[in-house]
Visitor: 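Have a look at this one.
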Amino acid sequence: MSFTSLQSLAIENFSKLKSFPTELVSLGAVRTLCIRTCHELESFPEQGLEGLNCLQHLDLINCRRFSSLSEGLGRLFYLERLNRNGCPELVALPDGIKYLSLLQHLTISGKFTGFDACYSPRNPGFHRLIVMKDSPEESDFRPKLVALPESLRHAPALKELSISFCPNLASLPHWLGDLTSLRSLRIFDCPKLPSLPASFQSFTNLQNLGISECPELVKQ
């Protein structure tokens, strides 16, 4: 491809796309990549997206069968925002996330809601919540996340963490307190979550805390 100046790329509604086009990793100027509603796409290639050397924002939204980001994610050294929204099979983050020293914003949502949808540099402040009811054909695609990926503890620059629509998430790990740069934490619709870890007191830089639709947690 000759789009050497392309900075924003969106791949949406490709119902038969099963693998990430290798030609796209040569687009070295791309800073924003949004992949949405590609239900047959299961993973990135083993080498990841390492050719996208300038990538800053990665949105992976409503891809029902996507299950692996691959270790190549750790080579996206300029990545600042990772949005994983509505990908029920994706329950882990690669260990390479510890190399993403600039990663500041992470969204983990088990359900496609429209919240924190594809990032737009023209409108970076938008937040919109549209709760969509499950249709019968979606019954096999329930969120499967039962614990936060441990590799997340090695994201030193993380400032914003959003966890939502995780019906099987029953606890938060003690190492969550290691994310000492965290300034914003949002927990939404995690009905089995009973408490916050004791290490929560380590969030001395936390400025914004939002908890909603977590009935067991509210009791504490």
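Positions are given from 1 along the sequence.
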Visitor: Closest heavy-atom contact between S151 and D95?
Guide: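 Distance-wise, the nearest heavy atoms are CB-OD1, 3.8 Å.
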Visitor: Can a donor-acceptor pair be found between the side chains of T32 and S8 at a distance below 3.5 Å?
Guide: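 No, because no side-chain N or O of T32 sits under 3.5 Å from a partner of the opposite role on S8.
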Visitor: In sequence, state the C-alpha distance, the side-chain angles, and the governing distance for L60 and L69, and then conclude on side-chain contact (heavy atoms from CB on, under 4.5 Å).
Guide: CA-CA 10 Å; L60 188 62; L69 286 166; 4.1 Å; yes
Visitor: Within the distance-only criterion (no hydrogens, no angle test), does the side chain of T107 pair as donor or acceptor with the backbone N or O of R84 below 3.5 angstrom?
Guide: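 Checking the backbone N and O of R84 against the side chain of T107, no donor-acceptor pair under 3.5 Å is found.
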Visitor: Measuring only between side-chain heavy atoms, which start at C-beta, is N85 closer than 4.5 Å to N62?
Guide: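 N85 does not reach N62 side chain to side chain.
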Visitor: Less than 4.0 angstrom from a charged side-chain N to a carboxylate O is my criterion; do E160 and R186 meet it?
Guide: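 Yes.
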Visitor: Taking the side chain as everything from C-beta on, heavy atoms only, tell me whether K192 gets closer than 4.5 Å to N168.
Guide: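 Heavy-atom side-chain distance check passes, below 4.5 Å.
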Visitor: Do the side chains of L103 and W175 join up, straight or via other hydrophobic residues, at under 4.5 Å, putting them in one cluster?
Guide: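 L103 and W175: one cluster.
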Visitor: Is any side-chain heavy atom of T180 closer than 4.5 Å to one of T204?
Guide: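 With C-beta onward as the side chain, the pair stays apart.
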Visitor: Could you tell me if the side chain of L196 sits less than 4.5 Å from the side chain of L176, heavy atoms only?
Guide: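 Not in contact.
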Visitor: Measuring centre to centre across the rings, with the benzene-like ring taken for any Trp, is Y99 within less than 6.0 Å of F77?
Guide: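 Judged by ring-centre distance (under 6.0 Å), Y99 and F77 do not meet the cut-off.
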Visitor: Under a 4.5 Å cut-off applied to non-hydrogen side-chain atoms, are I35 and F44 in contact?
Guide: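 Contact flag for I35/F44 side chains = yes.
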Visitor: Salt bridge between R65 and E40, side-chain N to carboxylate O under 4.0 Å?
Guide: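 Judged by the 4.0 Å cut-off on N to carboxylate O distance, R65 and E40 do form a salt bridge.
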Visitor: OH of Y78: more than 12 outside heavy atoms within 6.0 angstrom?
Guide: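 Check fails, neighbour count at 12 or below.
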Visitor: Go through the steps to decide whether L52 and L27 satisfy the test side-chain contact (heavy atoms from CB on, under 4.5 Å), and finish with yes or no.
Guide: CA-CA 6 Å; L52 302 180; L27 301 175; 4.2 Å; yes
Visitor: Quick one: does any side-chain atom of R36 pair with a main-chain N or O of A10 as donor and acceptor, under 3.5 Å?
Guide: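 Pair absent, no side-chain N/O of R36 close to backbone of A10.
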Visitor: If you define the side chain from C-beta out and look only at heavy atoms, does anything of L49 sit under 4.5 Å from F20?
Guide: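 L49 reaches F20 side chain to side chain.
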Visitor: Does CD in Q201 sit with more than 12 non-hydrogen atoms of other residues, nucleotides or ligands closer than 6.0 Å?
Guide: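 Check fails, neighbour count at 12 or below.
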Visitor: Output the distance between atom CG (L76) and atom CD (Q56), rounded to the nearest 0.5 Å.
Guide: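 Here the rounded value is 11.5 Å.
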Visitor: Roughly how far, to the nearest 0.5 Å, is CG of L102 from CG of L79?
Guide: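 Answer rounded to 0.5 Å: 8.5 Å.
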Visitor: According to a 4.5 Å side-chain heavy-atom criterion applied to Ile, Leu, Val, Met, Phe, Trp and Tyr, with indirect links allowed, do L193 and V146 form part of one hydrophobic cluster?
Guide: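 The answer is no; the residues belong to distinct hydrophobic clusters.
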Visitor: Looking at F66 and E89, what are the two nearest heavy atoms and their distance?
Guide: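 F66 and E89 have their closest heavy atoms at O-CB, 3.4 Å.
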Visitor: Within a strict 4.5 Å, meaning less than it, do heavy atoms of the L82 and L93 side chains meet?
Guide: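 Side chain of L82 against side chain of L93, heavy atoms only: contact under 4.5 Å found.
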Visitor: Group every Ile, Leu, Val, Met, Phe, Trp and Tyr by side-chain heavy-atom contacts under 4.5 Å, then state whether L209 and F203 land in the same group.
Guide: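 Yes, because L209 and F203 connect within a single hydrophobic cluster, where side-chain heavy atoms sit under 4.5 Å apart.
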Visitor: So do the side chains of I108 and S162 get within less than 4.5 Å of each other, counting heavy atoms only?
Guide: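 Not in contact.
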Visitor: Between atom OG of S181 and atom CD of Q104, what is the distance when rounded to the nearest 0.5 Å?
Guide: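 Going from OG on S181 over to CD on Q104, the span is 9.0 Å.
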Visitor: Do L9 and L24 pass the side-chain contact (heavy atoms from CB on, under 4.5 Å) test, and can you show the C-alpha distance, the side-chain angles, and the key distance before you say yes or no?
Guide: CA-CA 9 Å; L9 175 63; L24 296 182; 4.1 Å; yes
Visitor: Indicate the atoms forming the closest heavy-atom contact of L169 with L148, along with that distance.
Guide: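 So the minimum-distance heavy-atom pair works out to CD1-N, 4.1 Å.
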Visitor: So, taking the atom named CG in L41 and the one named OG in S15, what distance separates them when rounded to the nearest 0.5 Å?
Guide: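 Output value for this atom pair is 12.0 Å.
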Visitor: Can you give me the closest heavy-atom contact between P197 and H174, atom names plus distance?
Guide: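 For P197 versus H174, the nearest heavy atoms are CB-CA, 4.2 Å.
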Visitor: Could you give the distance from CG (L161) to OG (S184), rounded to the nearest 0.5 Å?
Guide: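 Interatomic distance, L161 CG to S184 OG, rounded to 0.5 Å: 8.5 Å.
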Visitor: Given side-chain contact (heavy atoms from CB on, under 4.5 Å), test I11 with C38 step by step and report yes or no.
Guide: CA-CA 8 Å; I11 302 173; C38 296; 4.1 Å; yes
Visitor: Write down the atom of R153, the atom of D178, and the distance for their closest heavy-atom approach.
Guide: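 Residues R153 and D178, closest heavy atoms: NH2-OD2, 3.1 Å.
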Visitor: Look up atom NZ in K159 and atom CD in E80, then write down how far apart they are to the nearest 0.5 Å.
Guide: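 Output value for this atom pair is 9.5 Å.
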Visitor: Determine the minimum heavy-atom distance between P88 and G86, stating which atoms define it.
Guide: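 The pair with the smallest heavy-atom distance is CD-O, 3.5 Å.
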